Amino acid sequence: MCGIVGYLGDRQAYEILIKGLKRLEYRGYDSAGVAMIRNGNFSLFKCKGKVSDLEETVGMSDHSGNIGMGHTRWATHGPPNDINAHPHLSNDGSLVLIHNGIIENYAPLKAELINRGHEFKSDTDTEVLVHFIEDIRDKTGANLFEAVRIALSEVIGAYAIVVMDKSNPQQLIAARKSSPLVIGVGKDNEFFVASDATPIIEYTRNVVYLEDEEIAKLDRTEGMKIVTISNQHKTPYIQELEMKLEAIEKGGYDSFMLKEIHEQPRSIMDSIRGRMNVGTGSVRMSGVDDHADRWRNASRILIVACGTSWHAGLVAEYLLEEFARIPVEVEYASEFRYRNPVIMPSDVVIAISQSGETADTLAAIELAKDKGAFIFGVCNVVGSSIARATHSGAYTHAGPEIGVASTKAFTAQVSVLYLLALSVAVHRGVMKGERLNRLMVEMNSIPDKIAEVLKTNDAVKAIAEQYKDSTNALYLGRGYTFPVALEGALKLKEISYIHAEGYPAAEMKHGPIALIDEAMPVFVIATHGASYEKVVSNIQEVKARKGKIISIVTEGDKIVKELSDYAIEIPKCDDSLVPLIAVVPLQLLSYHVAVMRGCNVDQPRNLAKSVTVE
Ligand code: M6R
């Protein structure tokens, strides 16, 4: 969702802003803009479309200046068009502002400002905010820093903002609440501001993550000053970034998604490294070990998440119930937060989020926290809002995921949740000895098995060629492979725009079977395991109605292969680990179908990488 970049220093701001906006493109957006200060005036350019369209708009116009801000907008208030694109000017044109988030009380503020003579050009809540700041500055005589503070104390909603005043090319103001913002600190009072660290790391590794309700004044002569909305002074905590530049580049692949699919043997290894010791038969999860009583005495586990992370949560439900023998409920965070759920202080809530910024998941955490539950986060982005809002947790260490469609984040989440389930089982005294050891050995072998599965790429591509023009697809699985069916369907629909549904295989006969005909591809995960024979029967039901069967089978399988139009073999492993390897051919399939249909796989239409609005 919206991307923010700001720069203040000796370099030319425009180049840094454009490069930074391109790094943030993965977040999803529909318009873009920049503003610099030159000779006491703003040079402001914005348009509907991509950053490349913005570059064309700027063309040969003078875009010089050592201070500036850039923005990619994901439309909320008003359609994506040139006028609604950010930056937005204040009423007298002296201030300019970019914003990520939603100002919920913008309507009454706007009405009041109109009464006071303000004129608005756009449909956005953002334009109201910059007018409001100007109004406070003019009414109270406060400087910009103070005017922003007063304005934000009256604003309801979520925001990350950058503001500048055309009469002061030495100063940027940045603030956040519920939307991420990071400040890069260069030498000699050079500053970078961004929604995440990706636009910053090639210039400096020193960063400050702004906390909720903090406002930063970045000044070429005075340096950095941070206050809270309630006017408390904060000492900036500068930390060193560990992220590498290569991690956010394509590294020779055609897309980030393809690169991230292929990174999975390594990313899973990074997720489990140091957390289990096959030799000593021990699992070490500090977020569990340090709060062992909460896990031992938990009456129930609630899992809250959205999208792909919710699918990882479903896998975790099966794992925790099987290994740790504890009841688990998996909830869409967006439903959970609004349905007055029963939450008990003895509950443990697991919040799963790649970005760590998903607004619905964050709100579900706050709700559960208020009721006294213990919250454990499973996040990929270090220092993210969810990582900070939880009582304890485990990072997935998958490295930056840039493709909007989650791939390596999903397998990293499932890997961490696998170890979590083993660890909780050990703490509750229901798993030990030979079984624990065997499962750890199996988990350890998964990266190599995924490397094997990646070799099916050409075979998967040939299948994609056959089904790329389908209008619908059905994905079936049972037990541990049911969440994989859901995830396979989500991958296909989000990047290729083919309608796809995931279903528990046995549930098909209660409705979706009516859709089956010779034009319907049915992707079935039919690996050897507890439900194998049952899934074979479900396949027969599809065949009887002339549906096409594309199966994921265990190597050496004969029965399902014979029934299938196409089959992809994956290595043998324990039932509980099948999701980790069975999902990989489905990721590849979606990728190839989308490419063949001419879709932008990294930035599918309408989607945002981190969904910071509810
Ligand atoms: O960052 P999160 O894991 O909280 O994001 C949740 C969903 O928005 C995300 O998984 C989404 O469904 C992906 N586009 C799926 O590929």
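Hydrogens, waters and symmetry mates are skipped; everything else that's a heavy atom, side chains included, is used. When a ligand or atom number is given, it counts from 1 through the structure's own listing order. The structure displayed is predicted, hence computed values, not measured ones.
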Report the relative orientation of the aromatic rings in [X] and [Y]; use parallel for angles under 30°, tilted for 30 to 60°, perpendicular for over 60°.
X: Y475; Y: F523; answer: parallel
X: H77; Y: Y106; answer: perpendicular
X: Y467; Y: Y566; answer: perpendicular

Quick one: look up the protein heavy atom nearest [atom] and list residue, atom name and how far away it is.
atom: atom 8 (O) of ligand 1; answer: V611 CG2, 4.0 Å
atom: atom 1 (O) of ligand 1; answer: S355 OG, 2.6 Å
atom: atom 15 (C) of ligand 1; answer: T308 OG1, 3.0 Å
atom: atom 6 (C) of ligand 1; answer: C306 O, 3.3 Å
atom: atom 5 (O) of ligand 1; answer: T358 OG1, 3.5 Å

Open item on the list: With a 3.5 Å distance limit and no angle check, can you tell me whether T72 reaches the backbone of G3 through a side-chain donor-acceptor pair?
Closed with: yes
Task: Within 45° cone of Y29 ring axis and under 6.0 Å: K609 NZ or CZ - done: no
Open item on the list: Would R597 pass as a cation-pi partner of Y497, given that its NZ or CZ must be under 6.0 Å from the six-membered ring centre and within 45 degrees of the axis?
Closed with: no
Could you list which atoms of ligand 1 come closer than 4.0 Å to a heavy atom of [X]?
X: A405; result: 16 (O)
X: S309; result: 2 (P), 3 (O), 10 (O)
X: S353; result: 1 (O), 2 (P), 3 (O), 4 (O)
X: S406; result: 15 (C), 16 (O)

Does a salt bridge link [X] with [Y], judged by any charged N lying under 4.0 Å from a carboxylate O?
X: E452; Y: K449; value: no
X: K461; Y: E465; value: no
X: E329; Y: R300; value: yes
X: E357; Y: R27; value: no

Task: Which segment of E494 sits under 4.0 Å of ligand 1 when only heavy atoms are counted - done: side chain
Is there at least one pair of N or O atoms, one from [X] and one from ligand 1, spaced under 3.5 Å apart?
X: Q413; result: no
X: T361; result: no
X: K491; result: yes

- [ ] Using non-hydrogen atoms of the residue, decide whether V404 is closer than 4.0 angstrom to ligand 1.
- [x] yes
Open item on the list: Would S610 count as a contact residue for ligand 1, given that I'm defining contact as a non-hydrogen atom of the residue lying under 4.0 Å from a ligand atom?
Closed with: no
